[in-house]
Trainee: 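This is the structure I have questions about; it appears just below.
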Amino acid sequence: MIRRIKLEDIDRVVELELSTLGTTLGREMLVELLDNSFSYIYVYEENNIIVGYISYSFDGDIAEMLNFAVDKGYQGRGIGNFLLSYTLSELDDMKAKSAILEVREGNLRASSLYFKYGFRLIHTRKNYYSNNENALVLEKRFEV
């Protein structure tokens, strides 16, 4: 089940980010995003356990994907597909012009998912991550 995040979910989301991404937006930022009318955070629950989440900001034209994670024990079961599809459908309904995101160059699983949903490479940020890995900047344009 997908639903909007609640304050009591934040610690689990931070835990999920750290275990899957190795980094986190941080508890403070996630709390701030809860009250930001331009921010959207959704969690995916299975048996009352948050096993995935996606977050983005949207200014009325362009969405910027902030973070997207699925618990390692639940990967490969379509949860990431479901979260991304849900988000892109919502953005399409809100008449977004485009969505952008960054993904680690070595994260082939995530990249292939994004490409499947129509994202295209628009830029490479060299040595972007703390381990000097490049970030691929991807964009999806919506029919307006």
Trainee: If you take all heavy atoms of Ser39 and Arg4, which pair is closest and at what distance?
Mentor: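 So the minimum-distance heavy-atom pair works out to O-NH2, 3.6 Å.
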
Trainee: Scan residues 48-62 for pairs that pass salt bridge (charged side-chain N to carboxylate O under 4.0 Å, His left out), counting only residues two or more places apart or in two chains.
Mentor: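 Every pair satisfying salt bridge (charged side-chain N to carboxylate O under 4.0 Å, His left out) with a residue in residues 48-62: Asp61-Lys97.
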
Trainee: Quick check against the 3.5 Å criterion: does Glu133 have a side-chain atom that pairs as donor or acceptor with the backbone of Asn127?
Mentor: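 Not confirmed, Glu133 side chain does not pair with Asn127 backbone.
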
Trainee: Quick one: does NZ or CZ of Lys140 land under 6.0 Å from the six-membered ring centre of Phe142, within 45 degrees of the ring axis?
Mentor: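 So Lys140 does make the cation-pi contact.
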
Trainee: What about the rings of Tyr86 and Tyr42, do their centers lie closer together than 6.0 Å?
Mentor: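 Yes, close enough.
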
Trainee: What I want to find out is whether Arg3 reaches Asp9 closely enough, with some N-O distance under 4.0 Å, to be called a salt bridge.
Mentor: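 A salt bridge is present here (some side-chain N lies under 4.0 Å from a carboxylate O).
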
Trainee: Could you tell me if the side chain of Tyr53 sits less than 4.5 Å from the side chain of Asn67, heavy atoms only?
Mentor: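 Of all side-chain heavy-atom pairs linking Tyr53 with Asn67, at least one is under 4.5 Å.
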
Trainee: Just verifying a value: how many Å separate Met65 CE and Thr87 OG1, rounded to the nearest 0.5 Å?
Mentor: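 Taking CE in Met65 and OG1 in Thr87, the distance rounds to 5.0 Å.
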
Trainee: So, Asn132 and Lys126: side-chain donor and acceptor under 3.5 Å apart, yes or no?
Mentor: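 No - no donor-acceptor pair under 3.5 Å links their side chains.
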
Trainee: Is there any salt bridge (charged side-chain N to carboxylate O under 4.0 Å, His left out) pair reaching into residues 19-35, and which pairs are they, with sequence neighbours excluded?
Mentor: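 Only Asp11-Arg27 qualify under salt bridge (charged side-chain N to carboxylate O under 4.0 Å, His left out).
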
Trainee: Given the rule that I, L, V, M, F, W and Y join up when any side-chain heavy atoms are under 4.5 Å apart, are Leu113 and Phe82 in one cluster?
Mentor: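 Yes; Phe82 is reachable from Leu113 via cluster members.
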
Trainee: Which one of Phe38, Phe68, Tyr40 satisfies the ring pair (Phe, Tyr, Trp, His ring centres under 6.0 Å) criterion with Tyr56?
Mentor: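 In the set Phe38, Phe68, Tyr40, the residue that makes a ring pair (Phe, Tyr, Trp, His ring centres under 6.0 Å) with Tyr56 is Tyr40.
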
